[in-house]
Amino acid sequence: MLTPEARPSGQASPTLAIPAPPLQDAHGQALALQRSQQRLRAVQATGLLDSAAEPGFDGLTATAARLLNAPACFISIVDAHRDFYKSQCGFPEGLAQSRQMEGLTFCHFTLDRSDALVIEDTLAAQPWADVPTVQSMGVRAYVGVPLRSAGQNIGSFCVIDMKPRAWTADELETIRQLAVSAARELDLRAALAAARQAADSARAQALAREQVLAVVAHDLRTPLQVLQLSTRLLERGGTSARQQQPTLQRMQAAIDVMSTMVNGLLKPSEAAPALQPIAVATLAGDAVHMMAPLAEKSRITLQLQPLPDAVVRVDYGQLVRVLGNLIGNSLKYSPAGSVVSVGGTLTGGGDMVDIVVSDNGVGMNAQEVAQAFNAGWQSEAARERNDGVGLGLAIVKSLVESNQGYVRIESREGAGTSVTVTLPCG
């Protein structure tokens, strides 16, 4: 069918037929408007293309056909290559079922209009007579009131007749008012979509805040435990300032980790890690030193194994958190009297370094290993302990990848676990 588009203005329009422009010029201009990217984005945003027929719109076209005694009325949405009929009353069976038409239609000539396109006799002027539906459907009279969304003409409310017709002012006003009703429905939908988008955005922001709080709560636990144990040790007294020095160093390391986390929260979310060259031995040694009080409390030996003489470019605070998380996991799932070790080797022809945290604790089965890095997932052993929320390894993976590295797990149930962090040498 033929469908022009623009939005009802509510102002009276003359009953005279629109003068016919040269077809080639008019068609070229209509085609350019039809394929305007800004207009097409507005069309897509309505969600009307290829949507099902709806009683609300069908009632308007049926009312128009009845009040005007017109053979066919329809609502068209014009995309880049076709007219899609959101609603129709009086179409022949094939078109009523396909609900779309390709090629030039009268709708295309309304894309730059603010009021109705009124044609009393399509055969009275050559450009209108050359529109294909004049021959294929026998269209002789046409009115199309533009429909507007997001500042763009997206389609039109149309009435056609199969014989010449001098549209009266009352008839044109009736068509306009029905088009206004259709346009109000579009506005309502746009407002509802905007409200939903705002609600989704608010929910996403709330979820992001909750996730940040969960990560902070999880990763602050370890340095807080270090500070608590170190404070108690100092409170016992009976040691010289020199003997207290290791404890004070551990406390400072824990404070540094906490400070790094707080500073990270204050950075823009898209900010890149603060990379700096760090000796692998220093990185691993600092993490082991910080976690020593927790190992002592658990009566587990925490060993620093040989590490390669290599330098990595990483965010120091983030990698200390990574190794602290991994050491903390090993301590949690290893029995008293066992050993947790941190070591490393060069790989990739010397371009990469592996830092490995290993234990001989409870271990995991293959299914658990496959899910270990999923946020919120917990192994059976973790659920039995009921002292976490399944974020540790997800945090580890995220931080390692933000430092251009990757992490993997090897584990056997009852035989322990090894987690390897691979980083590029720098």
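This is a predicted model, so every value here is computed, not measured.
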Between Arg408 and Asp354, does any NZ, NE, NH1 or NH2 come within less than 4.0 Å of an OD or OE carboxylate oxygen? yes
Please determine whether salt bridge (charged side-chain N to carboxylate O under 4.0 Å, His left out) holds for the pair Asp161 and Arg140, giving the CA-CA distance in whole Å, both sets of side-chain angles, and the decisive distance to 0.1 Å. CA-CA 6 Å; Asp161 206 329; Arg140 292 293 301 276; over 6 Å; no
Dump the intermediate steps for side chain to side chain donor-acceptor pair (under 3.5 Å) on Ser149 and Thr46, then the final yes or no. CA-CA 8 Å; Ser149 179; Thr46 65; over 6 Å; no
Residues 53-68 side chain polar contacts: donor-acceptor under 3.5 Å, at least two apart:
from, atom 1, to, atom 2, distance (Å)
Glu54, OE1, Arg189, NH2, 2.3
Glu54, OE2, Lys86, NZ, 2.6
Glu54, OE2, Arg189, NH1, 3.1
Glu54, OE2, Arg189, NH2, 3.1
Asp58, OD1, Ser87, OG, 2.7
Thr61, OG1, Asp58, O, 3.1
Thr61, OG1, Ser87, OG, 2.9
Thr63, OG1, Gly59, O, 2.7

Can you tell whether the side chains of Asp50 and Arg82 come within less than 4.0 Å, N to carboxylate O? yes
Search all heavy atoms of Val369 against all heavy atoms of Ser411 and return the closest pair with its distance. CG2-CB, 3.8 Å
Show, in sequence, the C-alpha distance, side-chain angles and deciding distance for Thr122 and Phe106, and conclude whether the side-chain contact (heavy atoms from CB on, under 4.5 Å) test is met. CA-CA 10 Å; Thr122 59; Phe106 287 104; 3.6 Å; yes
Which heavy atom of Gln100 sits nearest a heavy atom of Leu95, and at what distance? O-CD1, 3.4 Å
From CG (Asp79) to CG (Leu48), nearest 0.5 Å: 12.0 Å
CD1-CD distance between Ile77 and Gln44, expressed to the nearest 0.5 angstrom: 11.5 Å
Rounding to 0.5 Å, atoms CD (Gln34) and CG (Asp112) come to a distance of 12.5 Å
Working to the nearest 0.5 Å, report the span between NE2 of His108 and CZ of Arg35. 9.5 Å
